[in-house]
Amino acid sequence: MLALKKPSLASDGLELTHKAPEPGVGHTEVKIRVMAASICGTDQSIYHITSRPGLRDEMMAYHGRNLADYKPIIIGHEFCGEVVEAGEDVHPEVARPGDYVTSEMHISDGHCQQCRNGKRHICQNIRVKGLHLDGAFAEYVTVPSENVINLDKFGGRSVIPPRFGAFLDALGNAVHTVTEADVAGKTVAILGCGPQGLMATALARTLGATRIYVTDFSDPRDDVGSSRLQGRFQTARELGADFCYDTNESAVPAARRELLDRAAAEQGGGVDVVLEMSGAEAAYNDAGSLVKNGGSILLLGIPAWPLQSFDFGKYAVWKGVTIRGVFGRRMFDTWFTMLDLLASEKSGLRSKLEKIIRRQPIPLENFEQGFEMVRTHEAIKLLLVPSGADIKEV
Ligand SMILES: [Zn+2]
Ligand SMILES: [Zn+2]
């Protein structure tokens, strides 16, 4: 079958193959024909792995110490598709051939203390399909039946068309972060105006935040110049942001000062909640500056390397701030919350999400073009479709 692999962790780039074996189906597994898969920031980082030492270590977690021990995997972890085969021990209520599904791609062991205490998303032995195990940039993917999310039970394609179904994994990260923060009636700063920041903006507005600040840093080295960022900010305003600031002071000299002054004028001298969605080092100190005493900072963005400059004394201890990491989606309450929000016409979430999806998918064979469009911020969320899939069905 057709598949997109990461052939080596010693160099950048990905490799398309037409000869990947189709995955087998164990007793309790479900085989899915991929309709569409979405490019995630993590996939971009896997592409450019030589500048992502932390992610490379993570990808090596189950391979041994030397990069030479790495065994190539198929990447991709945001997708939806149609069940083609269910193992003999899979209950028909879970998945039957023809069902429209997606999957939680974090595979927990089910046995560690965290798993047994209802925190499977932070399992000690978590393995991620598309990072540690074969993923979904392929014609077929197999997943454990307990990870299947049967979208036919949540309204099917008329409520969650494949162009949404293909990135529920990513939306789930934003749902997890925003719901952990409990934003109703609160002022919120969202750092990072990429897909996660934009989805968090839409969710914070939907869930009742009072004022939403969005920031990002225009960086010409990433081909993300000031004008492209202003376009993102326009989208953020359409999704519910009140104020958007480019914190690159050489691009927009007065903006960062204005941001800090405006946040400081909020009740309590800062915002209630900061959602750090960028992983950019400069954003952490912004988070500490913007949050009010006693407020909270939630971290979803993953820094490319250990932070050198975050001032814990000034921004956490003296201010009595709560800092919390957010990983993946809670299994499976985040999924239920998300699917309910999507199904609710009055939440307005679906029409907001339409603004961040590029409506024209790209054939998986042209992955280079797709990755380039995401890297240069020409597209926010972009779908790849395997050759066998009908582009019209998304
Ligand atoms: Zn992802
Ligand atoms: Zn576990």
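Just so you know, ligand 1 is whichever comes first in the structure, and atom 1 is the first atom listed for that ligand. In this chain, numbering begins with 1 at the start of the sequence shown.
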Closest heavy-atom pair, Pro7 versus Gly13, reported as atoms and distance to 0.1 Å, is CD-O, 4.1 Å

Shortest non-hydrogen pair, Ile39 vs Gln44, comes out as CG2-NE2, 4.1 Å

Atom name of the N, O or S atom of Glu78 nearest to the Zn ion (ligand 1) is OE2

Side chain to side chain donor-acceptor pair (under 3.5 Å) pairs touching residues 193-211, sequence neighbours excluded, are Arg205-Asp242, Thr206-Lys352, Arg211-Glu266

Between His176 and Phe327 (judged by ring centroids, cut-off 6.0 Å), do the two rings come close enough to count as a pair? no

Could you pull out all donor-acceptor pairs under 3.5 Å where a side-chain atom in residues 297-309 meets a protein atom, sequence neighbours excluded?
from   : atom 1 : to     : atom 2 : distance (Å)
Trp305 : NE1    : Glu281 : OE1    : 3.4
Gln308 : NE2    : Pro306 : O      : 3.1
Ser309 : OG     : Glu281 : OE2    : 3.3
Ser309 : OG     : Asn285 : ND2    : 3.2

Under 2.8 Å from the Zn ion (ligand 2), the protein N, O or S atoms found are Asp109 OD1, Cys112 SG, Cys115 SG, Cys123 SG

Here the salt bridge (charged side-chain N to carboxylate O under 4.0 Å, His left out) pairs for residues 34-56, sequence neighbours left out, are none

